[in-house]
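To start, the structure under review is shown below, and the notes come after it.
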Amino acid sequence: MTASPTWPFRAHYAGRITYVTRRGQRRAAIVPAEAIERAEDAADVAAAREALARMDAGDTRSP
């Protein structure tokens with residue numbers, strides 16, 4: 001792969017995922033930070049819902 005000084009910025013400015021490949025196989029991805037933040041927020045919401053469901057079911061243990 002030939003490095004271009006602009007390819008990392010496609011993720012930020014265009015909101016695009018840029019894949020790093022080797023021999024045609026995806027090895028890594030450069031992902032917009034906003035996408036990661038949304039995924040982290042979604043995981044936090046899911047964990048909170050799971051904890052609330054356990055509490056509603058009477059589970060008093062802390063994680």
Side-chain angles (χ1 to χ4, degrees):
M1 178 180 97
T2 303
S4 167
T6 61
W7 62 269
F9 298 101
R10 286 191 291 183
H12 176 70
Y13 292 111
R16 293 182 53 195
I17 297 172
T18 301
Y19 293 101
V20 179
T21 61
R22 181 175 180 194
R23 297 182 186 161
Q25 301 274 329
R26 290 181 182 173
R27 300 295 182 190
I30 299 172
V31 182
E34 294 82 16
I36 298 300
E37 290 165 357
R38 285 191 304 270
E40 290 172 341
D41 289 346
D44 290 344
V45 168
R49 286 181 178 156
E50 183 180 319
L52 287 171
R54 284 194 317 267
M55 289 169 52
D56 287 345
D59 188 352
T60 59
R61 297 175 291 150
S62 0

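Computed from a prediction, not measured in an experiment: that's the story for all the values here.
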- If you draw a 6.0 Å radius around CZ in Arg27, do more than 12 non-hydrogen atoms from other residues or ligands fall strictly inside? yes

- Item | Residue pairs, two or more places apart or on separate chains, that pass side-chain hydrogen bond (donor to acceptor under 3.5 Å, both in side chains) and touch residues 28-53 | Glu50-Arg54

- Excluding sequence neighbours, so at least two apart, what forms side chain to side chain contact (heavy atoms under 4.5 Å, CB included) with Arg23? none

- Message: In this structure, would Ile17 and Ile36 fall into the same cluster of hydrophobic residues linked by side-chain contacts under 4.5 Å?
- Response: yes

- Non-neighbouring partners of Ala47 that pass side chain to side chain contact (heavy atoms under 4.5 Å, CB included), sequence neighbours left out: none

